[in-house]
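Have a look at the structure below before the remarks.
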Amino acid sequence: MSKKTIAAISTPLGEGGIGVIRISGEEAILIADKVFKSVSGKTLCSFAGYSALLGHVYDGENMLDEAVATVFLAPKSYTGENVCELSCHGGRYVLSAVLRAVLKNGAVMAAPGEFTKRAFLNGKLDLVEAESVMGLISAKGEEELKLQLAAKNGRTREETDKIEALLLELSSNFAAYSDYPDEDLPELSQENFVRLCKEARTRLKKLIETYDSGRVLREGVSTAIIGKPNVGKSTLMNFLSGESRSIVTEVAGTTRDVIENTVKCGEIVLSLADTAGIRRTEDCVKSVGVNLAKERLLSAQLVLAVFDASCPLEKDDLEIIDLLKRENTVVVLNKEDKGSVLKEADFEGYKVVFLSAKEGYGKQALEAAVLEITGAARLDPDSAILLSERQLDTVTKAYDAVCEAEKLILSGYTIDAVGVCIDEALNQLYTLDGRRATNEVADEVFRRFCVGK
Ligand code: GDP
C-alpha cells in the first residue's frame with residue numbers, strides 16, 4: 001500500500017480522564033510497537049485484533065505515560081486499515097509528547113478528516129454517512145443527534161437506493177432499446193415511463209423538503225419577537241433564556257462563532273437578530289413602530305407575536321396582526337396569570353399559546369408550537385434526511401433531471417434525449433453517495449472535519 005501511516009490526537013485537547021492517539025495505516029501496529037511496551041511483555045504485532053493491552057509509552061528510553069493499546073486489524077477497523085489506538089491520560093502535554101514519539105517512529109500527521117476519508121476510500125461508509133459523522137460530533141440537541149445518527153446508519157442511503165432502482169429500470173430500458181433497435185423488445189409504454197418518473201420525482205421532492213426542517217435543528221431560526229409596548233417581550237426573552245442565556249452556535253466549517261442573543265426553545269435555537277429592536281419597538285410603535293415591525297417581520301423565519309392576554313386587543317395590536325403570516329407565526333398570549341380576556345378564537349388559523357413569562361409557565365406549549373411552525377416536528381428521526389448543502393444540491397439536480405425527462409417524453413421526444421436526463425439523475429445520486437464524486441467534492445467534505453476524526 002502506498003498510503004502513509006497517519007496519526008493524530010483523536011480526543012479534544014484539554015484535560016480529561018483519557019486522551020486517545022489514533023494511528024492508521026499498514027504500519028500502524030509496527031509503529032505502535034516501537035513506542036509501546038506492554039506490562040505482559042507481549043508485542044502488539046503478535047496480538048489478535050479487537051483486543052487491548054496495558055503498558056507504557058516511551059520516547060526512546062524516556063517513559064511518557066501509562067496507556068492501554070487497542071488493536072484493530074484491517075479491514076475490520078474504522079478506516080479499513082490497521083489501526084492502533086493508544087489511550088493515555090488526557091493532558092495536553094502528555095498527548096502531544098506521545099504523538100511526537102509516534103511521528104518520530106514513522107507515522108505522519110493526519111490531515112483534518114483523514115481517518116474518515118480513508119474509511120470512505122476503503123468503502124467503510126459513503127459520503128452521506130461520512131458527512132453525518134461530522135454532524136454527530138457537532139449535534140447540539142437530542143433531535144439533531146437522532147437525525148444525524150439515522151443518516152449515519154444509512155437511512156438516507158436506503159431511500160436513495162429505492163430512487164436509484166426506479167431510475168435504473170428506466171435507464172436499462174433505454175439501453176436495451178438503443179443497443180438493439182431492430183429487436184422486437186417490449187418497449188416501456190409512455191404510461192409506465194411516466195409512472196416510474198413520477199414515483200422517482202415524488203421521492204426526490206420529499207427528500208428535498210427534509211433539508212429545511214433539519215436545518216432548523218442544526219442552525220437555529222432567525223426570530224422576531226414583536227408586540228406593542230409592555231406586553232412582556234423582554235420578560236419572555238428572559239424566560240426563554242433561563243440558564244442558557246447565550247448559546248455557542250457552531251457555524252458550518254472550521255470557525256466557531258459565539259452568536260449572542262440566542263435562546264433555546266426546546267430543541268430549537270432562536271436567533272433573536274435584533275434584540276435591541278425589541279426595546280426600540282416600544283418607543284416607536286405609535287409613530288414608525290409598525291414600519292420597524294414590518295422590516296423585522298420580513299427577514300425573520302419565525303415570529304413570536306406577543307399580546308397581553310389580560311387586556312382586549314387595541315388598535316396597535318390589530319395593526320400588528322395585519323402584518324402577520326399564519327405560516328411562520330406563533331401568537332403568544334402572555335400574562336395569563338392575570339386572567340385571560342383574549343381567546344384562541346380571536347386569532348383564527350394561528351398557532352396560539354397561553355403563558356406567563358413572569359410566573360414562568362407555558363414554556364412547553366411554546367416549544368411544541370415552535371417545533372410545529374418551523375416544520376421540525378414533522379421530521380421523522382428514523383427516516384431519510386438531507387443534512388448538507390452539498391446533499392441538497394445533488395438531489396435537487398437529480399430532481400430537475402427527472403422532471404425534464406418526464407416533460408420530454410410527454411412532448412414526444414426521442415428515447416435518446418430522455419435517456420440523457422435519466423443518466424444525469426443517476427449520476428447525481430452517485431455523486432451524492434460518493435461513488436462518482438470527484439476528488440474535489442470528497443476533499444471539500446473532509447476538509448470540514450477536525451483533525452483526529
Ligand atoms: P415589553 O415592553 O413588551 O418588553 O414588556 P416587559 O417585558 O418590559 O414587561 C412589561 C411589564 O409587564 C413588566 O412590568 C413585567 O413585569 C410585566 N409582565 C411581563 N410578563 C408578565 C406576565 O406573564 N404576567 C404578569 N402579571 N406581568 C408580566
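Counting starts at 1 for both ligands and their atoms, following the listed order.
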Give the atom numbers and elements of ligand 1 that come within less than 4.0 Å of a heavy atom of [X].
{"X": "Asn230", "answer": "1 (P), 2 (O), 3 (O), 5 (O), 10 (C), 11 (C), 12 (O)"}
{"X": "Ser356", "answer": "22 (C), 23 (O), 24 (N)"}
{"X": "Lys233", "answer": "1 (P), 2 (O), 3 (O), 4 (O), 5 (O), 7 (O)"}

Parallel, tilted or perpendicular: which describes the rings of Phe307 and Phe347, with under 30° parallel and over 60° perpendicular?
-> tilted
Below a 4.0 angstrom heavy-atom separation, can you tell me which part of [X], side chain or backbone, both or neither, approaches ligand 1?
{"X": "Asn334", "value": "side chain"}
{"X": "Asp337", "value": "side chain"}
{"X": "Lys338", "value": "side chain"}

Can Arg118 and Tyr78 be said to form a side-chain contact (heavy atoms from CB on, under 4.5 Å), step by step?
-> CA-CA 9 Å; Arg118 289 188 175 197; Tyr78 179 71; over 6 Å; no
More than 12 heavy atoms of other residues, nucleotides or ligands under 6.0 Å from OH of Tyr413: is that the case?
->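 No, the 6.0 Å shell around OH holds no more than 12 heavy atoms from other groups.
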Enclosure of Glu158 CD (heavy-atom neighbours >12, cutoff 6.0 Å) = yes
Is there a heavy atom of Gly227 sitting under 4.0 angstrom from any atom of ligand 1?
-> no
Residue list, salt bridge (charged side-chain N to carboxylate O under 4.0 Å, His left out) with Glu424, at least two apart or on another chain =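 Per chain and number, Glu424 pairs via salt bridge (charged side-chain N to carboxylate O under 4.0 Å, His left out) with no residue.
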Could you say whether the N/O atoms of [X] and ligand 1 ever approach to under 3.5 Å?
{"X": "Pro229", "answer": "no"}
{"X": "Glu359", "answer": "no"}
{"X": "Glu336", "answer": "no"}
{"X": "Leu236", "answer": "no"}

Can any side-chain N or O of Asn122 pair as donor or acceptor with the backbone N or O of Thr79 at less than 3.5 Å?
->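 Yes: the side chain of Asn122 pairs with the backbone of Thr79.
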Hey, mind stepping through Ser222 and Leu302 against side-chain contact (heavy atoms from CB on, under 4.5 Å) and telling me if it holds?
-> CA-CA 6 Å; Ser222 64; Leu302 171 72; over 6 Å; no
Looking at Thr116 and Ala130, what are the two nearest heavy atoms and their distance?
-> CG2-CB, 4.0 Å
